[in-house]
Q: 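Shown below is the structure under consideration.
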Amino acid sequence: MAPGSRLLALWALAALVLPSSGEDDDGGWRRGGPGAVAEEERCTVERRADLTYAEFVQHYAFVRPVILQGLTDNSRFQALCSRERLLASFGDRVVRLSTANTYSYQKVDLPFQEYVEQLLHPQDPTSLGNDTLYFFGDNNFTEWASLFRHYSPPPFGLPGTSPAYSFGIAGAGSGVPFHWHGPGYSEVMYGRKRWFLYPPEKTPEFHPNKTTLAWLRDTYPALPPSARPLECTIRAGEVLYFPDRWWHATLNLDTSVFISTFLG
């Protein structure tokens with residue numbers, strides 16, 4: 001069975017065989033709970049735990065993605081991102097959700113607590129991207145400043161850029177289909193997030209209104225080795241760097257809490 005098909009075949013089974021972790025492990029976001037997506041072991045993105053800035057600029061910043069480990073300690077920020085603490089601090093705040101498609105986005109505003117308690121459910125594999133509401137990117141920095149000030153971004157900047165944060169929480173099986181923009185980082189606080197990446201000159205085969213889960217089911221298994229993306233799962237405490245204009249799609253294997261630092 002092809003890797004993508006095998007992963008999806010285990011999608012429903014995961015709800016039966018993977019136990020939910022406690023608050024200490026998953027922040028109350030039910031890692032491994034119903035709807036969790038089984039993880040494919042394939043990883044073609046290099047992991048580096050001892051990277052210097054000079055090495056980053058020479059080998060990765062303008063060339064290829066890399067997963068960074070151990071450069072910052074965000075344990076305090078992670079604790080503040082638990083389900084209980086976020087609801088206590090921001091439950092009544094209005095958040096803006098976007099549809100999970102590539103080019104056009106419907107926007108929906110609703111209280112954060114309503115999103116968490118009513119909409120943060122596993123992705124329906126048959127739903128289209130414009131039917132899927134996703135909390136990521138449309139944050140009022142002033143309202144979330146009390147949270148963001150505890151976050152330590154990756155220390156490697158790029159000349160002529162300044163960082164901007166995008167904070168997100170999404171259900172198991174959800175994700176954003178292929179798209180591209182400027183360079184940046186993505187760090188997971190809770191859950192697991194799988195990435196698929198292509199260089200700018202290699203446009204992926206995808207439908208802009210189909211979810212990443214559908215792409216993994218319908219397109220990925222038929223790709224010849226030469227047409228496969230770079231891919232890997234990042235876990236809590238890991239940071240993925242992606243260069244400018246690289247195509248990428250994401251898939252949340254669990255209910256995931258994550259923050260990106262865009263360099264614009």
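Because the structure is predicted, anything quoted here is derived from the model rather than measured.
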Q: Under the rule for side-chain hydrogen bond (donor to acceptor under 3.5 Å, both in side chains), what residues qualify as partners of Gln58, not counting sequence neighbours?
A: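 Partners of Gln58 by the side-chain hydrogen bond (donor to acceptor under 3.5 Å, both in side chains) criterion come out as none, since no residue qualifies.
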Q: Taking side-chain hydrogen bond (donor to acceptor under 3.5 Å, both in side chains) as the test, write out the residues that go with Thr250, two or more places apart.
A: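 Once residues adjacent in sequence are excluded, Thr250 has no partner under the side-chain hydrogen bond (donor to acceptor under 3.5 Å, both in side chains) criterion.
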Q: The criterion is side-chain contact (heavy atoms from CB on, under 4.5 Å); which residues satisfy it with Pro65, sequence neighbours excluded?
A: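 Scan of Pro65 (side-chain contact (heavy atoms from CB on, under 4.5 Å), adjacent residues dropped) gives Val45, Leu197, Leu230, Leu240, Pro243, Trp246.
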Q: With sequence neighbours excluded, tell me which residues meet disulfide (SG to SG under 2.5 Å) with Cys232.
A: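 Testing Cys232 for disulfide (SG to SG under 2.5 Å), a comparison that skips the adjacent residues, returns Cys43.
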Q: Apply side-chain hydrogen bond (donor to acceptor under 3.5 Å, both in side chains) to Arg76 and list each qualifying residue two or more places apart in sequence or on a separate chain.
A: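 For Arg76, no residue satisfies side-chain hydrogen bond (donor to acceptor under 3.5 Å, both in side chains) once neighbours in sequence are set aside.
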Q: Run the side-chain contact (heavy atoms from CB on, under 4.5 Å) test against Ser75 and tell me which residues pass, sequence neighbours left out.
A: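 Ser75 satisfies side-chain contact (heavy atoms from CB on, under 4.5 Å) with Asp73 once adjacent residues are dropped.
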Q: State which residues pass side-chain contact (heavy atoms from CB on, under 4.5 Å) with Pro225; sequence neighbours excluded, sorted by chain then number.
A: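 None.
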Q: Other members of the hydrophobic cluster containing Leu128, with the 4.5 Å side-chain heavy-atom rule, please.
A: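 Cluster partners of Leu128: none, it stands alone.
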Q: Please list, chain by chain and in numerical order, all residues satisfying side-chain contact (heavy atoms from CB on, under 4.5 Å) with Gln78, sequence neighbours excluded.
A: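 If we apply the side-chain contact (heavy atoms from CB on, under 4.5 Å) test to Gln78, skipping adjacent residues, the hits are Met189, Tyr190, Ala236.
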Q: Which pairs, with at least one residue in residues 47-65 and sequence neighbours excluded, count as a salt bridge (charged side-chain N to carboxylate O under 4.0 Å, His left out)?
A: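 Salt bridge (charged side-chain N to carboxylate O under 4.0 Å, His left out) check on residues 47-65 returns Glu46-Arg64, Arg47-Glu238, Arg48-Asp50, Arg48-Glu55.
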Q: Quick check, are the ring centers of Phe178 and Trp215 under 6.0 angstrom apart?
A: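 Yes, the ring of Phe178 comes within the 6.0 Å limit of the ring of Trp215, centre to centre.
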Q: Which residues, ordered by chain and number, are linked to Val66 in its hydrophobic cluster, where ILVMFWY side chains connect at heavy-atom gaps below 4.5 Å, directly or through other members?
A: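 Joined to Val66, directly or through intermediates: Leu51, Tyr53, Phe56, Val57, Tyr60, Phe62, Leu68, Leu71, Phe156, Leu158, Tyr185, Val239, Tyr241, Leu263.
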Q: Using side-chain hydrogen bond (donor to acceptor under 3.5 Å, both in side chains) as the criterion, list what pairs up with Arg245, not counting sequence neighbours.
A: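 Expected list: none.
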